[in-house]
Amino acid sequence: MIELYPTKCNLCGGVVVYISNSKIYGKEYGSGKCYYCTECGAYVGTHKPRPKEALGILGNAEMREMKMRCHDMFDKKWKNEQTSKKRHSARKKAYRELANNLNIPIEECHFGYFDMIMLNKAYEILKAENA
Ligand SMILES: [Zn+2]
């Protein structure tokens with residue numbers, strides 16, 4: 001499981017601090033907070049209604065880029081459904097399929113929880129589906 005209140009960086013082992021995300025974006029977005037590694041600069045946002053809880057593991061630029069590429073392909077699997085009910089069930093199904101393909105429990109199937117190895121695996125799976 002992921003650390004909801006990280007104090008140590010999952011990438012470099014550096015000290016993680018809880019700060020305003022204006023340090024990263026120039027102004028506060030969403031929850032206004034993030035966890036930030038003082039060594040390598042990796043970070044992760046927090047939940048808006050629960051601003052102390054991390055959304056996933058800390059990510060660097062490479063991971064953020066890969067996450068975006070995965071999400072683009074993944075979201076195509078459900079976003080074009082006509083009704084919100086259909087989108088909801090198509091999204092659930094898409095996560096279930098991806099979890100099965102990655103051989104992980106559905107609760108752990110979130111792009112924000114994936115390290116680079118898992119992101120690469122997810123990317124290959126999604127790319128093969130899209131081909
Ligand atoms: Zn770090």
Side-chain angles (χ1 to χ4, degrees):
M1 270 319 283
I2 70 141
E3 183 55 67
L4 289 178
Y5 315 102
T7 54
K8 199 175 132 186
C9 178
N10 48 270
L11 293 173
C12 75
V15 173
V16 169
V17 289
Y18 180 68
I19 57 166
S20 161
N21 64 17
S22 66
K23 184 169 158 116
I24 288 151
Y25 304 120
K27 66 176 222 179
E28 292 201 344
Y29 278 103
S31 70
K33 300 290 179 193
C34 69
Y35 287 96
Y36 176 80
C37 173
T38 55
E39 288 290 324
C40 73
Y43 61 84
V44 61
T46 65
H47 286 273
K48 195 163 186 190
R50 299 183 304 280
K52 280 259 167 185
E53 280 183 23
L55 288 167
I57 58 174
L58 278 79
N60 57 19
E62 192 188 13
M63 286 162 76
R64 279 191 293 279
E65 163 79 25
M66 203 50 166
K67 203 168 93 174
M68 240 163 54
R69 290 164 76 178
C70 284
H71 250 302
D72 278 349
M73 288 192 285
F74 183 82
D75 293 346
K76 282 193 193 127
K77 291 161 63 100
W78 62 270
K79 271 204 170 151
N80 294 330
E81 296 292 337
Q82 295 299 311
T83 64
S84 70
K85 204 178 158 191
K86 278 188 179 170
R87 279 193 294 278
H88 183 80
S89 65
R91 187 164 176 264
K92 257 173 96 171
K93 182 166 165 273
Y95 271 115
R96 202 160 49 230
E97 282 172 2
L98 183 62
N100 280 341
N101 284 327
L102 287 169
N103 229 340
I104 57 171
I106 181 92
E107 317 80 73
E108 287 172 26
C109 194
H110 296 283
F111 293 105
Y113 291 8
F114 293 172
D115 60 15
M116 206 57 213
I117 294 168
M118 286 296 281
L119 283 169
N120 278 325
K121 274 192 205 169
Y123 181 76
E124 289 305 323
I125 288 165
L126 292 165
K127 204 171 75 176
E129 284 175 354
N130 263 335

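Ligands are counted one by one from 1 in listed order, and the atoms in each one are counted from 1 as well. Residue indices begin at 1 and follow the sequence shown. Computed from a predicted model, the values in this text were never measured in an experiment.
- At least one test fails for K67 against the ring of F114: distance under 6.0 Å to the centre or angle within 45° of the axis.
- For H71, the ring pair (Phe, Tyr, Trp, His ring centres under 6.0 Å) partners two or more places apart in sequence, or in a different chain, are F111.
- For the pair Y35 (side chain) and C9 (backbone), a donor-acceptor distance under 3.5 Å is absent.
- Among protein atoms, those of element N, O or S found less than 2.8 Å away from the Zn ion (ligand 1) are C9 SG, C12 SG, C37 SG, C40 SG.
- L126 has its side chain within reach of K77: a pair of non-hydrogen atoms, C-beta onward, lies under 4.5 Å apart.
- Partners of K8 by salt bridge (charged side-chain N to carboxylate O under 4.0 Å, His left out), not counting sequence neighbours: none found.
- Partners of S22 by side chain to side chain donor-acceptor pair (under 3.5 Å), not counting sequence neighbours, listed by chain and number: S20.
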